[in-house]
Q: 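If you scroll down you'll find the structure; I have some questions about it.
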Amino acid sequence: MTMIIAHPELYAAAYPICPATQSANVSDETIESLKDLPIWFTHAKNDSTVAIATTTEPLVERLRAAGAEVHTSIFDDVHDTTGRFSNEDGTPYQYDGHWSWTYFDNNECYDENGVNLWQWMSVQTKADKVIASGSQKAYIIGDDWGPAVTKTVISLDKAIDADSVVAENFKVVEEKEATINWGTGEIGIATADRNVTAAYTSDAQGNKVTGSSKYITIEMYVSPSEGSPFIYNLKTGFNSWCTPYKLNVSLAKGATMSSGDEVVTDLNIKADIDVAGDGKICPQGEVFEMKAYTAKDGTTYSYADYTPAKDDKKNALVIWLHGAGEGGTDPYIDILGNEVTSLVSKEFQSLFEGAYVLAPQSPTMWMDDGTGAYQNGDKGSMYAESLFEMIDAYVKANDDIDPNRVIIGGCSNGGYMTMEMVLKHPTYFAAAFPICEAFQDQYITDDQINAIKDMPIWFTYAKNDGTVDPTLCVEPTVARLLAAGANNIHVSVFDDVHDTTGRFFNEDGTPYQYNGHWSWIYFDNNECYDENGVNAWQWLAKQIKTAAPVETPDQPTTPDQPANSVKTGDDVNFAGLGAIMMLTLAGIYVSRRKYN
């Protein structure tokens with residue numbers, strides 16, 4: 001059973017005798033893969049070593065339900081049939097009930113229709129099958145919720161004719177490591193059918209070609225709940241690549257493909273994909289370089305960086321600090337987990353006329369107090385000194401970076417670290433964009449507020465954030481900055497975090513609801529505006545530490561906000577701060593003057 005489960009395409013038939021394979025351990029997907037293989041089971045009912053009730057019987061039932069050709073020889077017991085041996089009472093000698101192979105060895109196995117097993121075996125053949133074998137790579141993109149496997153690019157040992165490759169011909173079953181109980185954090189293997197949306201011959205990178213090819217690409221539907229190659233471990237608090245990650249690819253029942261004069265009837269595609277290593281194609285990630293930096297205190301940061309095309313001027317540096325789940329030593333986790341890939345998009349880069357992007361990865365989490373525990377600003381991050389050292393070293397090592405245009409931001413844990421960086425280095429950065437930041441305002445002194453009140457800062461958060469309480473962090477901090485006379489503070493505040501692409505919906509037809517903490521989705525999609533219609537990406541691109549003020553563009557040059565866009569800016573609620581709200585309404589809340 002183990003061999004045919006692993007390689008069903010290799011065999012013409014199988015004849016398991018008293019098999020010890022428990023039906024409960026055989027997935028429906030495996031049953032589906034075996035349905036075209038003729039199988040003959042032999043077992044005795046009184047087998048006390050391998051219970052027929054948990055092995056042969058349910059396996060036969062499931063295989064027949066799937067449409068498989070299954071024959072059985074089921075015996076009440078195993079006894080001598082030669083007439084040579086008898087019990088004391090004269091009945092045939094009883095062998096151990098597990099020894100049902102005795103009947104096979106004596107050619108005494110028949111099915112219910114009188115078909116003989118040996119004769120049946122002699123005519124089994126798979127000579128009419130033509131198998132295309134190969135391996136595959138997962139095509140991965142960064143999406144709003146994180147990474148998604150949108151395609152599998154399959155390399156075959158035969159060139160397949162383009163007109164024979166259609167979506168309806170393929171079945172794809174995803175099998176991967178996953179959190180299977182969010183209440184307990186239990187991790188196991190989850191399987192799910194993937195919805196095939198397109199299929200075509202391609203090149204090795206998954207680009208469609210018009211002629212025959214040894215590569216075929218299968219596109220699959222993805223959503224916030226399907227297609228991710230990441231697993232979030234509730235016990236560790238980190239995202240990681242699924243190990244294993246498998247795509248079981250097969251031809252649909254009755255489907256074929258043509259390869260010149262041959263008709264391909266079966267596929268033998270290696271299911272295991274090393275998504276953490278060289279088993280992925282990720283064009284968005286491939287524009288980054290993956291490097292490491294070791295600080296003076298011995299802390300080593302893995303990081304991803306992007307270098308813009310050479311031009312005749314110095315360029316801005318945009319720093320992204322990730323959330324808690326993206327710590328570790330693999331920068332791909334960082335850039336895909338929070339869709340940092342948006343910072344190298346054509347739209348973002350064109351606004352900056354080319355910008356460097358630096359995405360350092362915390363070995364643990366940015367809010368680590370040095371013991372592995374969280375703190376909220378009361379103790380400070382163990383990484384504060386070494387991270388700034390790394391940033392400054394990166395700027396100094398790149399002559400093309402304009403030191404007056406170093407912009408820092410990030411989400412959640414990274415929003416916290418953004419605040420710690422600007423509080424400790426208030427004159428270093430040109431601007432900051434903390435998102436759902438977790439630095440509790442009670443730990444920010446009045447002197448620190450005064451030190452950063454002239455820094456351009458754009459805050460983003462959602463009111464229904466259940467992870468970081470805005471009333472303890474961003475809201476009182478913004479209020480104190482305004483009260484201190486800050487004139488370049490912008491805020492995008494949302495009621496919730498929901499899909500704005502029109503792709504995903506709740507059961508009642510309303511836009512799909514993401515976790516309220518995930519307000520970085522709006523920033524990544526360039527949907528952050530303040531109450532005056534100023535766009536966050538545009539605004540960031542204008543920030544520079546100069547002696548002369550930089551005016552805010554009167555009209556955003558990005559696409560107009562749709563009529564149903566989320567409310568931002570003017571909807572902040574600072575309970576008990578009526579006087580500050582009056583200042584806000586008077587126009588101090590968002591000034592059109594930039595950092596002087």
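Any value given below was found using the heavy atoms of this structure, including those in side chains, with hydrogens, waters and symmetry copies removed.
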Q: Could you check Ile140 against Ile281 for side chain to side chain contact (heavy atoms under 4.5 Å, CB included), going step by step and ending with a plain yes or no?
A: CA-CA 6 Å; Ile140 299 173; Ile281 299 171; over 6 Å; no

Q: Is Asp261 atom CG crowded by more than 12 heavy atoms from other residues, nucleotides or ligands, each under 6.0 Å away?
A: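 Counting other residues, nucleotides and ligands, CG of Asp261 stays at 12 neighbours or fewer.
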
Q: Would you tell me whether Asn248 and Glu29 have side-chain atoms, one donor and one acceptor, within less than 3.5 Å of each other?
A: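 Judged by distance alone, the side chains do not pair up.
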
Q: Checking side-chain polar atoms at under 3.5 Å, does Asn525 have a donor or acceptor matched by the opposite partner on Asp144?
A: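 Yes, because at least one side-chain N or O of Asn525 sits under 3.5 Å from a partner of the opposite role on Asp144.
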
Q: On the 0 to 90° scale, with breaks at 30° and 60°, tag the His98-Trp101 ring pair as parallel, tilted or perpendicular.
A: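 The arrangement is perpendicular - the two ring planes meet at more than 60°.
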
Q: If we ignore angles and hydrogens, is there a donor and acceptor under 3.5 Å between the side chains of Gln205 and Tyr139?
A: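 Side chains of Gln205 and Tyr139: no pair found under 3.5 Å.
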
Q: Would you say Glu326 and Asn239 are linked by a side-chain donor-acceptor pair, where the criterion is simply a distance under 3.5 Å?
A: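 The answer is yes; a qualifying pair exists.
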
Q: Quick one: does NZ or CZ of Lys280 land under 6.0 Å from the six-membered ring centre of Tyr332, within 45 degrees of the ring axis?
A: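 Yes, Lys280 and Tyr332 form such a contact.
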
Q: Regarding Ser27 and Thr191, do their side chains bring together a donor and an acceptor under 3.5 Å, going by distance alone?
A: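 No pair is found: no donor N or O on one side chain lies under 3.5 Å from an acceptor on the other.
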
Q: After noting the C-alpha distance and the side-chain angles of Tyr245 and Glu174, does the key distance pass the side-chain hydrogen bond (donor to acceptor under 3.5 Å, both in side chains) rule?
A: CA-CA 8 Å; Tyr245 183 86; Glu174 183 181 69; 2.5 Å; yes

Q: If we count only N and O atoms by modelled type, under 3.5 Å, do the side chains of Gln119 and Ser122 hold a donor and an acceptor together?
A: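 No, because no side-chain N or O of Gln119 sits under 3.5 Å from a partner of the opposite role on Ser122.
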
Q: A side-chain contact here means heavy atoms from C-beta on lying under 4.5 Å apart; do Ile187 and Glu177 qualify?
A: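 A side-chain contact exists here, since the closest heavy-atom pair is under 4.5 Å.
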
Q: Could you label the plane-to-plane angle of the His79 and Tyr103 rings as parallel, tilted or perpendicular, counting under 30° as parallel and over 60° as perpendicular?
A: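 Plane angle over 60°, so perpendicular.
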
Q: Hey, does the side chain of Trp182 reach the backbone of Leu234 with a donor-acceptor pair shorter than 3.5 angstrom?
A: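 Between the backbone of Leu234 and the side chain of Trp182 there is no qualifying donor-acceptor contact (under 3.5 Å).
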
Q: Quick one: does any side-chain atom of Asp272 pair with a main-chain N or O of Lys246 as donor and acceptor, under 3.5 Å?
A: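 Absent.
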
Q: On a heavy-atom basis, which atom in Asn413 and which in Gly323 lie closest, and how many Å separate them?
A: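 Residues Asn413 and Gly323, closest heavy atoms: CB-C, 3.8 Å.
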
Q: What I'd like to find out is whether the side chain of Ile141 reaches to under 4.5 Å of the side chain of Pro147, using heavy atoms alone.
A: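 A side-chain contact is absent here, since even the closest heavy-atom pair is not under 4.5 Å.
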
Q: Output yes when Glu262 and Lys158 qualify as a salt bridge under the 4.0 Å nitrogen-oxygen rule, no when they do not.
A: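 So Glu262 pairs with Lys158 through a salt bridge.
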
Q: Verify the distance criterion only: is there a donor paired with an acceptor across the side chains of Gln124 and Tyr11 at less than 3.5 Å?
A: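 No, no side-chain donor-acceptor pair sits under 3.5 Å.
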
Q: Quick one: do Lys45 and Asp77 satisfy salt bridge (charged side-chain N to carboxylate O under 4.0 Å, His left out)? Show the steps, please.
A: CA-CA 6 Å; Lys45 294 179 181 179; Asp77 55 25; over 6 Å; no

Q: For Glu61, does the CD atom have more than 12 heavy-atom neighbours from other residues, nucleotides or ligands under 6.0 Å away?
A: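 At most 12 heavy atoms, drawn from other residues, nucleotides or ligands, come within 6.0 Å of this atom.
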
Q: Please find the pair of heavy atoms, one from Ser258 and one from Ser164, that lie closest to each other, and give the distance.
A: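 Scanning both residues, the minimum pair turns out to be N-OG, 3.1 Å.
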
Q: Are more than 12 heavy atoms from other residues, nucleotides or ligands located less than 6.0 Å from atom OH of Tyr200?
A: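 Yes - once you tally the heavy atoms of other residues, nucleotides and ligands closer than 6.0 Å, there are more than 12.
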
Q: Considering only heavy atoms from C-beta outward, does the side chain of Ile39 approach that of Ile4 to under 4.5 Å?
A: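 Result yes, sub-4.5 Å side-chain heavy-atom pair found.
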
Q: Measuring centre to centre across the rings, with the benzene-like ring taken for any Trp, is Trp145 within less than 6.0 Å of Phe504?
A: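 Yes, close enough.
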
Q: Tell me, with the steps shown, if Tyr232 and Phe230 meet ring pair (Phe, Tyr, Trp, His ring centres under 6.0 Å).
A: CA-CA 7 Å; Tyr232 179 74; Phe230 276 9; over 10 Å; no

Q: With a distance cut-off below 6.0 Å to the six-membered ring centre and an angular limit of 45° from the axis, does Lys176 pair with Trp241 as a cation-pi contact?
A: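 Relative to the ring axis of Trp241, which defines the angle, Lys176 lies outside at least one limit.
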
Q: Tell me whether Ser259 contacts the main-chain N or O of Ala159 through its side chain, where contact means a donor paired with an acceptor under 3.5 Å.
A: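 Between the backbone of Ala159 and the side chain of Ser259 there is a qualifying donor-acceptor contact (under 3.5 Å).
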
Q: Just by distance, with hydrogens left out, do Thr55 and Gln22 show a side-chain donor and acceptor under 3.5 Å apart?
A: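 Side-chain D/A pair, Thr55 to Gln22: absent.
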
Q: The test is side-chain hydrogen bond (donor to acceptor under 3.5 Å, both in side chains); show your working for Thr81 and Glu108 and say whether it passes.
A: CA-CA 9 Å; Thr81 59; Glu108 296 175 327; 2.7 Å; yes

Q: Tell me the closest heavy-atom pair linking Pro58 and Ile52, and the distance in Å.
A: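 Nearest heavy atoms, Pro58 then Ile52: CD-O, 3.7 Å.
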
Q: Could you go through Thr294 and Thr300, starting from their C-alpha distance and side-chain angles, then the distance that decides it, and tell me whether this counts as side-chain hydrogen bond (donor to acceptor under 3.5 Å, both in side chains)?
A: CA-CA 4 Å; Thr294 300; Thr300 297; 2.9 Å; yes

Q: Could you tell me whether Asp203 and Lys214 make a salt bridge, using a distance below 4.0 angstrom between a side-chain N and a carboxylate O?
A: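 So Asp203 does not pair with Lys214 through a salt bridge.
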
Q: Does a donor on one side chain and an acceptor on the other come within less than 3.5 Å for Ser202 and Thr217?
A: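 On atom types as modelled, these side chains qualify, holding a pair under 3.5 Å.
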
Q: Using the side-chain hydrogen bond (donor to acceptor under 3.5 Å, both in side chains) rule, take Glu9 and Asn268 through it: C-alpha gap first, then chi angles, then the decisive distance, then the call.
A: CA-CA 7 Å; Glu9 75 288 343; Asn268 177 25; 3.2 Å; yes

Q: Shortest non-hydrogen contact from Val130 to Val263?
A: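 That closest heavy-atom pairing would be CB-O, 3.2 Å.
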
Q: Determine, step by step, whether Trp320 and Tyr306 satisfy the ring pair (Phe, Tyr, Trp, His ring centres under 6.0 Å) criterion, reporting the C-alpha distance in whole Å, the side-chain angles of both residues, the deciding distance to 0.1 Å, and the verdict.
A: CA-CA 12 Å; Trp320 176 270; Tyr306 169 82; over 10 Å; no

Q: Could you check whether atom CH2 of Trp99 has more than 12 heavy atoms from other residues, nucleotides or ligands sitting under 6.0 Å from it?
A: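 Counting other residues, nucleotides and ligands, CH2 of Trp99 stays at 12 neighbours or fewer.
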
Q: Which heavy atom of Asp47 sits nearest a heavy atom of Cys18, and at what distance?
A: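 Heavy atoms only, the tightest pair is OD2-CB, 3.6 Å.
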
Q: Among Gln284, Met290, His322, exactly one meets side chain to side chain contact (heavy atoms under 4.5 Å, CB included) together with Ile335. Which residue is that?
A: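 By the side chain to side chain contact (heavy atoms under 4.5 Å, CB included) criterion, Ile335 pairs with just one of Gln284, Met290, His322: Met290.
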
Q: Below 4.5 Å, heavy atoms only, C-beta onward: do Ile218 and Leu247 meet side chain to side chain?
A: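 No, their side chains stay 4.5 Å or more apart.
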
Q: For Lys291, does the NZ atom have more than 12 heavy-atom neighbours from other residues, nucleotides or ligands under 6.0 Å away?
A: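 Correct, the count exceeds 12.
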
Q: Does a side-chain N-to-carboxylate-O contact under 4.0 Å join Lys253 and Asp36?
A: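 Salt bridge absent between Lys253 and Asp36.
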
Q: Side-chain donor-acceptor pair under 3.5 Å between Trp40 and Thr72, yes or no?
A: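 Side chains of Trp40 and Thr72: no pair found under 3.5 Å.
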
Q: Would one find more than 12 heavy atoms of other residues, nucleotides or ligands at under 6.0 Å from atom NZ of Lys270?
A: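 Incorrect, the count does not exceed 12.
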
Q: Identify the heavy atoms of Ala162 and Gly211 that sit nearest to each other, and give their distance.
A: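 Taking Ala162 first and Gly211 second, the nearest heavy atoms are CB-O, 3.5 Å.
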
Q: Please check this pair: side chain of Asp368 against backbone of Met382, looking for a donor-acceptor N/O pair closer than 3.5 Å.
A: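 Here the side-chain-to-backbone pair does not exist.
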
Q: Does one side chain, of Asn107 or Asn116, offer a donor that lies under 3.5 Å from an acceptor on the other?
A: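 Checked: Asn107/Asn116 side chains pair up, N/O donor to acceptor below 3.5 Å.
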
Q: Counting distance only, does the side-chain N/O of Thr201 pair as donor-acceptor with the main-chain N or O of Val209 below 3.5 Å?
A: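 Side chain of Thr201 to backbone of Val209: a pair is present.
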
Q: Using a strict 4.0 Å threshold on nitrogen-to-oxygen distance, state whether Arg62 and Asp28 make a salt bridge.
A: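 Yes, charged N to carboxylate O under 4.0 Å.
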
Q: Just checking, any donor-acceptor pair under 3.5 angstrom between side chains of Glu289 and Tyr303?
A: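 No, because no side-chain N or O of Glu289 sits under 3.5 Å from a partner of the opposite role on Tyr303.
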
Q: Is Val78 close to Gln94 at the side-chain level, that is, under 4.5 Å between some pair of heavy atoms?
A: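 Gln94 does not reach Val78 side chain to side chain.
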
Q: Using the rule given for side chain to side chain contact (heavy atoms under 4.5 Å, CB included), can you reason through Asn233 versus Thr179, listing the C-alpha separation, both sets of side-chain angles and the distance that settles it, and then say yes or no?
A: CA-CA 7 Å; Asn233 188 315; Thr179 298; 5.7 Å; no

Q: For the pair Asp193 and Lys171, evaluate salt bridge (charged side-chain N to carboxylate O under 4.0 Å, His left out) and give the outcome as yes or no after the intermediate values.
A: CA-CA 8 Å; Asp193 288 338; Lys171 179 178 176 62; 3.5 Å; yes

